[in-house]
Peer 1: 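Before anything else, here's the structure in question.
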Amino acid sequence: MSGMDVWLGAETGLLKGVSLSRKQAVNFGSSSRLSRAQEVRALSWTGRGEAEVLVGSADGLVRTFSAEKGAFTSSRRCGEPHEGCFSGLLALGPALATCTEKGTVRVWKEDCDEPVTEVRAGEHVHRMRQSPVAPHRVATGGKENPLKIWDLENPDKPVFSAKNLRDNWLDLKQPHWVRDMAFLPGTDKVVTCTGYHQVHVYDPGSPRRRPVLEAVFGEVPLTSLSVAGDGLAVAVANTQGQMALLDLRKGLVRGVLKGATGSVRALHCHQTLPLVASCGLDRHLRVHNLHDRSLQHKVYLKSRLNCLLFSSNDPNAEPKPVKVKEEEEEEEQDEVWDKMESVHEDGGVHEDEEDEEEEESAHETETVHEENKSTHEEEEEEEEEEEEPETKVKTKRKTDSKKGQKKTKKRKKEQD
C-alpha cells in the first residue's frame, strides 16, 4: 500500500488510496458501518516519511492508518462532537495537535488521555496549518477571526495577529473570512484565501500587520489553496469549481485549471513536481500540471471528498511489473515439476509410466521379430538360389540317359 500516490477522506467515513501509475483506487474502513458521524474532515502525515496517516473524523476520533500495512493501527478521542469538526490536524513528533471549529487548539502526547496544551484561537476557525520551517508554529483563521500565528511551546499569546484591512471607499469596515492558509516554503510568510474571493500575503517580519500583497480571483468564495513547490505561485479554488494559478510576485492570474464541476474542498501541490491534486463535491480526483495547466489524471471515487494528501511519489512513473514476475515464477515452477518423477504413495512408478514402458518393450519385441523374420526370408531365398543349379544338372542327366536308351534300341533293331 505504500505505492499509493494520493490519500483522500470522504464524507462516508472511508479513507481512499489512489495509485495513479496503476490506475487503481482502494477503500479503507468498515463499509458496513458507514455514517456521517465518521466523516473524514482532516488528514496529515505522521511518523517517519509517509509511512502513517492521521485521520480525523467528525465525531472527534483520530485514527492512525499504516500505509505499509494497509490497515488502521490505533485510535484515540481528541474532541467531542459538540465542539465541531476538525479544522486542523497535524503531527508534532510523537505528539499531535488538533483544532476544532470552536477554536480550541490542543496538543496531545502519546499514551495520554488529557491534552498537555490548550489554546483558545477564537470562534469559527476554518483552518489550522503548520509551518514547515518551525513545526511548533501554527496559523489559524476563520470567519470574523483574522489570521493568527501561534507558538505551541509558548501559547500564552499569538506570535502574530493580522490587522484589519483598510476601510473601503465608502469608509466601511471590510469583514474577515479566512478560509484557508499556507506558509511559503523556507519563510515565515503566510498566504491566505478568503470567502470574499481575495488572496492575501502576510509577512510577520514586517512592521505592517496588513497584507503586503493582495489579489482577487472570481466572484464567489474561495475554499482552498496550496503553494507550489518553488514558492512562486499558489493554486486556489472556489465554490463553483473554478481553479486558478496566481503569481505571488505580481499578484496576477497565470491561468486557470479546468475540469471541476462542483465546489473544490481541498488542493495539494506536489513537493517536487509541478503537479496539483484537487477533490470536492463532484466526487473526482484530478491532477493538473502547473506548467501547461493540462489535466494529467482524473479518477471517479463515488463519494463526496473533503480532504487529500499528495505523496512524494512520482505518479507518472511506470508501475512495477508485478504480474510479469508472478508469471516467471510460475514458469520456473512448471519446469521443476516437469523434471520430477510422479510416484505412488507406496513408492511405485505411476501406472501411466508403466503402460508407456510396456508399450515401448512390446514395440521393441515386434521390431526384433520383424528383423528376424526378414533375415529368415533372405536366407531361404539364398538357399533356393543355391538349389536351382543342382536341379538343372539332374534334369539334364535324365534327358541324356533317355536319349542314350533310344539310340541303343535303334541299334538293336538295325542289327536284327
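One-based numbering along the sequence shown.
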Peer 1: Does a side-chain heavy-atom distance below 4.5 Å link Leu222 with Phe217?
Peer 2: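 They are in contact (side-chain heavy atoms under 4.5 Å apart), so the answer is yes.
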Peer 1: Taking only residues two or more places apart in sequence, or in another chain, which ones meet Ser75 in a side chain to side chain donor-acceptor pair (under 3.5 Å)?
Peer 2: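 Side chain to side chain donor-acceptor pair (under 3.5 Å) check on Ser75 returns nothing, list empty.
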Peer 1: Hey, could you give me the CG/CG distance between Leu285 and Leu20, rounded to the nearest 0.5 Å?
Peer 2: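 Output value for this atom pair is 6.0 Å.
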Peer 1: Quick one: pull up CZ in Arg179 and OG in Ser224 and give me the separation to the nearest 0.5 Å.
Peer 2: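 Between atom CZ of Arg179 and atom OG of Ser224 there are 9.5 Å.
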Peer 1: How about Phe310 and His270: are their ring centroids closer than 6.0 Å?
Peer 2: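 Yes, the ring centres sit under 6.0 Å apart.
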Peer 1: Which pair of heavy atoms, one from Ser263 and one from Thr223, lies closest together, and at what distance?
Peer 2: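 Nearest pair, atom of Ser263 first, then Thr223: OG-CG2, 4.1 Å.
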Peer 1: Can you check side-chain hydrogen bond (donor to acceptor under 3.5 Å, both in side chains) on Arg120 and Thr104, steps first, answer last?
Peer 2: CA-CA 5 Å; Arg120 298 296 301 177; Thr104 305; 2.3 Å; yes
Peer 1: Using side-chain heavy atoms (C-beta onward) and a distance below 4.5 Å, is Leu43 in contact with Val55?
Peer 2: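 Of all side-chain heavy-atom pairs linking Val55 with Leu43, at least one is under 4.5 Å.
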Peer 1: Taking atom types as modelled, is there a side-chain donor on Ser161 or Arg209 under 3.5 Å from an acceptor on the other?
Peer 2: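 The answer is no; no qualifying pair exists.
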Peer 1: Flag the pair Val105 / Leu152 as yes when at least one side-chain heavy-atom distance between them is below 4.5 Å, and no otherwise.
Peer 2: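 Yes; the side chains approach each other to less than 4.5 Å.
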Peer 1: Is the Trp7 to Phe65 ring centre distance short of 6.0 Å?
Peer 2: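 Between Phe65 and Trp7, which both carry aromatic rings, the centre distance is below 6.0 Å.
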Peer 1: Output the distance between atom NZ (Lys102) and atom CD (Glu123), rounded to the nearest 0.5 Å.
Peer 2: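 If I round to the nearest 0.5 Å, the distance is 6.0 Å.
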Peer 1: Looking at Ser206 and Asp203, would you say the former's side chain and the latter's main chain have a donor-acceptor pair under 3.5 Å?
Peer 2: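 Side chain of Ser206 to backbone of Asp203: no pair is present.
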Peer 1: Which heavy atom of Met181 sits nearest a heavy atom of Ala139, and at what distance?
Peer 2: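 The answer is SD-O, 3.9 Å.
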Peer 1: Looking at every non-hydrogen atom in both residues, tell me the closest pair between Val18 and Ala25 and how far apart they are.
Peer 2: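 For Val18 versus Ala25, the nearest heavy atoms are CG2-CB, 4.2 Å.
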Peer 1: Evaluate the criterion side chain to side chain contact (heavy atoms under 4.5 Å, CB included) for residue pair Val40 and Glu11; output intermediate values, then yes/no.
Peer 2: CA-CA 6 Å; Val40 179; Glu11 283 188 352; over 6 Å; no
Peer 1: Taking the side chain as C-beta and beyond, is there a heavy-atom pair between Val159 and Trp150 under 4.5 Å?
Peer 2: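 Result no, sub-4.5 Å side-chain heavy-atom pair not found.
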Peer 1: As a quick check of understanding, evaluate side chain to side chain contact (heavy atoms under 4.5 Å, CB included) for Leu8 and Leu15, giving each step before the final call.
Peer 2: CA-CA 6 Å; Leu8 304 100; Leu15 175 67; over 6 Å; no
Peer 1: Has Arg63 got its NZ or CZ under 6.0 Å from the middle of the six-membered ring of Phe72, at an angle within 45 degrees of the ring axis?
Peer 2: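 Yes - Arg63 lies over the ring of Phe72, closer than 6.0 Å to its centre and within 45° of its axis.
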Peer 1: Indicate yes or no: at least one non-hydrogen side-chain atom of Phe183 is less than 4.5 angstrom from one of Asp188.
Peer 2: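 Phe183 does not reach Asp188 side chain to side chain.
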Peer 1: Flag the pair Lys143 and Glu101 as a salt bridge only when some basic side-chain nitrogen lies within less than 4.0 angstrom of an acidic carboxylate oxygen.
Peer 2: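 No salt bridge links Lys143 with Glu101.
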Peer 1: Provide the closest heavy-atom pair for Ala91 versus Gln130 in the form atom of the first, atom of the second, distance.
Peer 2: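 Of all heavy-atom pairs spanning Ala91 and Gln130, the closest is O-NE2, 3.3 Å.
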Peer 1: On the 0 to 90° scale, with breaks at 30° and 60°, tag the His126-Trp177 ring pair as parallel, tilted or perpendicular.
Peer 2: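 Geometry flag for Trp177 against His126: tilted rings.
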Peer 1: Hey, what do you get for CD (Glu83) to SG (Cys99), rounding to the nearest 0.5 Å?
Peer 2: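 Reported to 0.5 Å precision, the distance equals 10.5 Å.
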Peer 1: Going by heavy atoms in the side chains, are Val190 and Val201 under 4.5 Å from each other?
Peer 2: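 Counting from C-beta outward, Val190 and Val201 never come under 4.5 Å.
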Peer 1: Is it true that a side-chain atom of Ser57 and a backbone atom of Gly60 form a donor plus acceptor pair closer than 3.5 Å?
Peer 2: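 No.
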Peer 1: For His268 and Leu308, work out which heavy atoms get closest and say how close.
Peer 2: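 Residues His268 and Leu308, closest heavy atoms: CB-CD1, 3.2 Å.
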Peer 1: Scan Val191, Thr194, Thr140, Thr192 and name whichever one has a side chain to side chain contact (heavy atoms under 4.5 Å, CB included) with Leu147.
Peer 2: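 That would be Thr192.
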Peer 1: Donor-acceptor pair, distance only, cut-off 3.5 Å: does the side chain of Glu214 make one with the backbone of Gly251?
Peer 2: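 Not at all, since once roles are kept as given, no pair shorter than 3.5 Å links the two residues.
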Peer 1: Looking only at the side chains, is there a donor atom on one of Asn306 and Glu39 sitting less than 3.5 Å from an acceptor on the other?
Peer 2: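 Side chains of Asn306 and Glu39: pair found under 3.5 Å.
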Peer 1: Quick check against the 3.5 Å criterion: does His284 have a side-chain atom that pairs as donor or acceptor with the backbone of Asp282?
Peer 2: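 Present.
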Peer 1: I need the Thr100 OG1 to His82 NE2 distance, nearest 0.5 Å.
Peer 2: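 The NE2 atom of His82 is 9.0 Å from OG1 of Thr100, to the nearest 0.5 Å.
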Peer 1: Is there a donor-acceptor pair under 3.5 Å between the side chain of Asp180 and the backbone N or O of Cys193?
Peer 2: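 The answer is no, because no donor-acceptor pair under 3.5 Å joins these two groups.
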Peer 1: Between Asp167 and Lys173, is the closest basic N to carboxylate O distance under 4.0 Å?
Peer 2: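 Looking at Lys173 and Asp167, the cut-off is not met.
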Peer 1: Quick check: do Val62 and Leu54 have side-chain heavy atoms less than 4.5 Å from each other?
Peer 2: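 Yes, at least one pair of side-chain atoms sits under 4.5 Å.
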Peer 1: Of all heavy-atom pairs between Arg137 and Asp151, which one has the smallest distance, and what is that distance?
Peer 2: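 What the structure gives for the nearest pair is CG-CA, 4.4 Å.
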Peer 1: Salt bridge or not for Lys109 and Asp113, using N-O below 4.0 Å?
Peer 2: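 The answer is no: the pair does not qualify as a salt bridge.
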Peer 1: Please confirm whether the backbone N or O of Leu172 pairs with a side-chain atom of Asn168, one donor and one acceptor, at under 3.5 Å?
Peer 2: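 Present.
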Peer 1: Given 3.5 Å as the limit, does a donor-acceptor pair link the side chain of Asn313 with the main chain of Pro315, or not?
Peer 2: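 Absent.
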Peer 1: For a quick check under 3.5 Å, do Asn145 and Lys148 share a side-chain donor-acceptor pair by atom type?
Peer 2: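 Yes, side-chain donor-acceptor contact under 3.5 Å.
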Peer 1: Please assess Trp108 against Val116 for the test side chain to side chain contact (heavy atoms under 4.5 Å, CB included), listing each intermediate value before the final yes or no.
Peer 2: CA-CA 6 Å; Trp108 308 80; Val116 296; over 6 Å; no
Peer 1: Looking only at side-chain N and O atoms, does Asn238 offer a donor or acceptor that is under 3.5 Å from a partner on His197?
Peer 2: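 Not at all, the side chains of His197 and Asn238 share no donor-acceptor pair under 3.5 Å.
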Peer 1: Before you tell me yes or no, could you show the steps for Leu61 and Cys78 under side chain to side chain contact (heavy atoms under 4.5 Å, CB included), namely the whole-Å CA-CA distance, both residues' side-chain angles and the distance that decides it to 0.1 Å?
Peer 2: CA-CA 6 Å; Leu61 198 66; Cys78 298; over 6 Å; no
Peer 1: Under 3.5 Å, side chain of Arg106 to main-chain N/O of Pro115, donor-acceptor pair present?
Peer 2: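 No, the answer is negative, given that no donor and acceptor are paired below the 3.5 Å cut-off.
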Peer 1: Rounded to the nearest 0.5 Å, what's the gap from NZ on Lys163 to CZ on Arg166? Could you check?
Peer 2: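 Spacing of NZ (Lys163) from CZ (Arg166) equals 7.5 Å.
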Peer 1: Has the side chain of His288 got a donor or acceptor atom that lies under 3.5 Å from a matching backbone atom of Lys258?
Peer 2: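 Side chain of His288 to backbone of Lys258, a donor-acceptor pair under 3.5 Å: yes, one is there.
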Peer 1: Main chain of Asn164, side chain of Arg210: is a donor-acceptor contact present, judged purely on distance under 3.5 Å?
Peer 2: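 Pair found, side chain donor or acceptor close to backbone of Asn164.
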Peer 1: Do Val199 and Leu225 have side chains that get closer than 4.5 Å, going by heavy atoms?
Peer 2: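 SC-SC contact between Val199 and Leu225 ruled out.
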